[in-house]
Number of protein chains: 2
Amino acid sequence: MERPRVGELAPPDRLLMGPGPSEVHPRVLRAMSTPLVGHLDPSFIDVMDDVQDLLRYAFQTENQWTIPVSGTGSASMEAAIGNLTEPGDTVLVPGNGYFGERMAAMVTRAGGDPVFVEAPWGEPLDPVAVEDAFTEYRPDLFAFVHAETSTGAKQPNVPELTAIAHDHDALVIADTVTSLGGVELRVDEWGIDVAYAGPQKCLSCPPGASPLTLNDRAMAKICTRDTPVRSWYLDLSLLQEYWGDERAYHHTAPITNVYALREALRLVAEEGIENRWERHRRMAGALKAGVEAMGLELNPEDDWWLPSLNAVRLPEGVDDDAVIAFLLEEYGIEVAGGLGDLAGDVLRIGCMGHSARPGNVLTLVAALGDALEAQNAAVETSAGLDATRTLLGR
Amino acid sequence: MERPRVGELAPPDRLLMGPGPSEVHPRVLRAMSTPLVGHLDPSFIDVMDDVQDLLRYAFQTENQWTIPVSGTGSASMEAAIGNLTEPGDTVLVPGNGYFGERMAAMVTRAGGDPVFVEAPWGEPLDPVAVEDAFTEYRPDLFAFVHAETSTGAKQPNVPELTAIAHDHDALVIADTVTSLGGVELRVDEWGIDVAYAGPQKCLSCPPGASPLTLNDRAMAKICTRDTPVRSWYLDLSLLQEYWGDERAYHHTAPITNVYALREALRLVAEEGIENRWERHRRMAGALKAGVEAMGLELNPEDDWWLPSLNAVRLPEGVDDDAVIAFLLEEYGIEVAGGLGDLAGDVLRIGCMGHSARPGNVLTLVAALGDALEAQNAAVETSAGLDATRTLLGR
């Protein structure tokens, strides 16, 4: 068999302003090139401890079971849903975006029955609808999406939702993939039992090891299951032997990704989590002001605007694929189109982690203006740039 | 909540001569620090194509479905077993090592019934016993371990085993975690239907994206299942939309790990797969000659000696933990102890990928002699070093 001839790794230089991955900080890239120690090396135990402490801070939780799952965000999602769902369980999931549908698929795979709280795509769940769904379905679990990457909608009033669930003796799982490290999130204070995330959004870390936190009540449900979890790889009752006191071998951890996550989380701690939320709000606020002054609208209302992911409605007649291609080809900027009910109608512009910086925001607004003008859309690019610069304080 | 105070990432400098991870080549470390593009970027599609081509070469297969799974070796293992096992399927697994037991656990999670071909720990499967097990259990699948990391035993006569399975209309899954890229493996020629591996063994790549290959017959079984695969994350019928022609979003790929795997596999192609197998045989042969001349024995017989993982029997009365700790503390060398039936009796010394170099082999033999002498074992370290040097041709 002939040897394949493959040239040097030479990816183009992109500015990542899409739904993730975001730009990775140079310190995190450097951490990724650190020579490895073994996953059972005594020194790696210290690294694991550090990562757990730093993750607790990012999640604002005291939960002992706070770990990186060995996979990308969908792996931490399936770890949460697959471990908490027992065959026959009814699980209430949100009907207002792409990731609620994925939750439902995972519930089914785990042998549970998904039921939906209905809400239009791009809007948050209404607590009244959640209460009604609890009365109607009596679910064992309630999963919601704190920050919907597919629609740019943030779920407000989280404590109200968790209170409803707890009044009905259900556990709560929160998808915080696009909020962790960028948007206010208080796992303990808000009564969230289980939260999972991806590292490549507001933490600006390459994907491969994904944050997950569970409180004791959630771990108790897992450890008293009648049937084993359907994935051996993601079985938290086995994983706790590696991440807990025993440090017993379960599977090989993605060592380098854990190094990178540690560095990305150190940057979070150095900045301070509240400062980081405020930076995202300020940078995305300047971006939002810019596109609005340009004459565009954001899809979500201000009450549920998600700073880390801005769903911008395209003017009538503008082809989203053409705009996306223009930004990529002319400026090397990655943004994405809409999904599901919003396909073709919006651009999804991220403002996450290390991407959420003044220069990137200005570049994005200017380049977006160019891309829309190239499509003959009537936009006020200069007005947009002025508004952005004003909010950036320049 | 207080910010955790966590210092700079500063792991000790180790020489990795255990059961994995192995030493990572500087070019692969450098690939890991490459800034990211998005997982749906047109340029990443080319990277995916390259990785698939290079993986086919390493596996010696023409299989279209040859991909890295987004997780560590146990994820590719569960992808293979979980996708091929349908509820009610009988799966024949090996009883001669640790990883056969893991296979059985995964079969159970998938709803199948594991049955065992018995063989002592540390010995290969006997084709007669496999034939008998087929007659007795009529399994739908047969999984075996080509290179048992827990015992250092290589399974010889693979084509004989696959022929038995095919005569009984069963598909064959091979665990090649510790052979891919280091020990002769010919997926197509040997009639293996599905093979999976980890990247952190003979490919010397950080763990996080793990090789998997399936032929059309295996994919046909997956695509005609009566019930969905029990893991959404690892469902190959969904993953094929991302890795196949559609390139549709399934989950975020671990982009950086894919970059690293590409570079590690480029190094395999540059060296030539047969040359690489020969290098492993020669380096591990020098290591084996050294420990034997020192007065020690390898656990496996020569017929099933596994160059990439050398299980060395410890002299009577020597404490394995003390030897392992001495090597780590005095020399910064990682080796491992035995598992299961071999716990306490052997050291497991890897000779994999970038670790399989003359200087490392000499260092290991010398340091092992010191460690055993520190335990008052009667070993001929000088004779061992002479034998090693002779076989290294120095």
Side-chain angles (χ1 to χ4, degrees), chain A residues 1 3-4 6 9 11-14 16 18 20-21 24 29-39 41 43 47 50 53-54 57 60 70-75 78 102 105-106 108-109 198 200 206-208 228-233 251-257 259 262-263 266 269 272 334, chain B residues 1 3-4 6 9 11-14 16 18 20-21 24 29-39 41 43 47 50 53-54 57 60 70-75 78 82 105-106 108-109 198 200 206-208 228-233 251-257 259 262-263 266 269 272 334:
Chain A
M1 197 170 170
R3 306 184 196 181
V6 172
L9 179 67
D13 197 1
R14 300 292 195 215
L16 299 172
V24 177
L29 290 176
R30 193 177 63 194
M32 298 239 24
S33 67
T34 307
L36 278 66
V37 299
H39 52 285
D41 193 292
S43 71
V47 169
D50 291 342
D53 279 348
L54 289 161
Y57 175 68
Q60 294 283 292
S70 301
T72 61
S74 296
E78 190 152 35
R102 179 170 301 184
M106 289 178 176
T108 306
R109 303 299 177 109
Q200 78 280 8
V229 175
R230 289 185 164 186
S231 167
W232 182 92
Y233 186 63
H251 67 261
T252 302
I255 299 153
T256 305
N257 300 275
Y259 283 175
R262 183 183 183 281
E263 194 65 18
R266 266 183 91 209
E334 175 175 285
Chain B
M1 196 170 172
R3 303 183 198 184
V6 172
L9 179 68
D13 196 1
R14 302 291 195 214
L16 299 172
V24 177
L29 290 177
R30 194 178 61 194
M32 297 231 38
S33 66
T34 307
L36 279 66
V37 299
H39 52 286
D41 193 292
S43 72
V47 168
D50 291 343
D53 278 349
L54 289 161
Y57 175 68
Q60 293 283 292
S70 301
T72 61
S74 296
E78 190 151 36
M106 289 178 177
T108 306
R109 303 300 178 106
Q200 79 281 8
V229 175
R230 289 185 165 186
S231 167
W232 182 93
Y233 186 63
H251 67 261
T252 302
I255 300 153
T256 305
N257 300 276
Y259 282 174
R262 182 183 183 281
E263 192 67 17
R266 267 183 90 207
E334 174 175 287

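Every chain is numbered from 1, with letters handed out A, B, ... down the list of sequences.
- Here B:Pro21 is the residue among B:Ser43, B:Gly82, B:Pro21 with the most heavy-atom pairs under 4.5 Å with chain A.
- Counting only heavy atoms from C-beta outward, the side chains of A:Tyr233 and B:Ser231 never approach each other to under 4.5 Å.
- Residue B:Val47 touches chain A through its side chain alone, counting heavy-atom pairs closer than 4.5 Å.
- What you find for A:Leu9 and B:Glu263 is that their closest heavy atoms are CB-OE1, 4.3 Å.
- For the residue pair A:Tyr57 and B:Arg3, the shortest heavy atom distance occurs at OH-CG, 3.3 Å.
- Of the listed residues A:His39, A:Met1, A:His251, A:Met32, the one with more heavy-atom pairs under 4.5 angstrom with chain B than any other is A:Met1.
- With a 4.5 angstrom heavy-atom cutoff, B:Arg266 touches chain A only via side-chain atoms.
- Using a 4.5 Å cut-off between heavy atoms, A:Thr256 contacts chain B through its side chain alone, with no backbone atom that close.
- With a 4.5 angstrom heavy-atom cutoff, A:Arg230 touches chain B via backbone and side-chain atoms both.
- Chain A forms more heavy-atom pairs under 4.5 Å with one residue of B:Gly18, B:Pro35, B:Gly208 than with any other, namely B:Pro35.
- Contact of B:Arg14 with chain A is made through the side chain alone, with heavy-atom distances under 4.5 Å.
- Only the side chain of A:Val24 comes within less than 4.5 Å of a heavy atom in chain B; its backbone stays farther off.
- Chain A forms the most heavy-atom pairs under 4.5 Å with one residue out of B:Asp53, B:Asp13, B:Thr108, B:Val229, and that residue is B:Val229.
- In this structure, A:Glu334 and B:Gly38 approach most closely via the heavy-atom pair OE1-CA, 3.4 Å.
- A:Thr252 places no side-chain N or O within 3.5 Å of a backbone atom of B:Thr72 that could act as its donor or acceptor partner.
- When B:Leu16, B:Ile255, B:Leu36 are compared by the number of non-hydrogen pairs under 4.5 Å with chain A, B:Leu36 comes out ahead.
- Between B:Trp232 and A:Met106, the shortest heavy-atom contact is CE3-CE, 3.4 Å.
- Highest contact tally toward chain A, considering only B:Gln200, B:Arg30, B:Arg109, is held by B:Arg109 [criterion: heavy-atom pairs under 4.5 Å].
- Note on B:Gly71, B:Pro228, B:Ser70, B:Ala75: by heavy-atom pairs under 4.5 Å with chain A, the leading option is B:Ala75.
- Ranking A:Gly20, A:Gly272, A:Ala31, A:Gly73 against chain B, the residue ahead of the rest is A:Gly272, based on heavy-atom pairs under 4.5 Å.
- Taking both residues in full, the closest heavy atoms of A:Val37 and B:Pro12 are given as CG1-O, 3.5 Å, listed atom of the first, atom of the second, then distance.
- Using a 4.5 Å cut-off between heavy atoms, A:Gln60 contacts chain B through both its backbone and its side chain.
- The two residues B:Asn257 and A:Pro207 make their nearest non-hydrogen contact at ND2-O, 3.6 Å.
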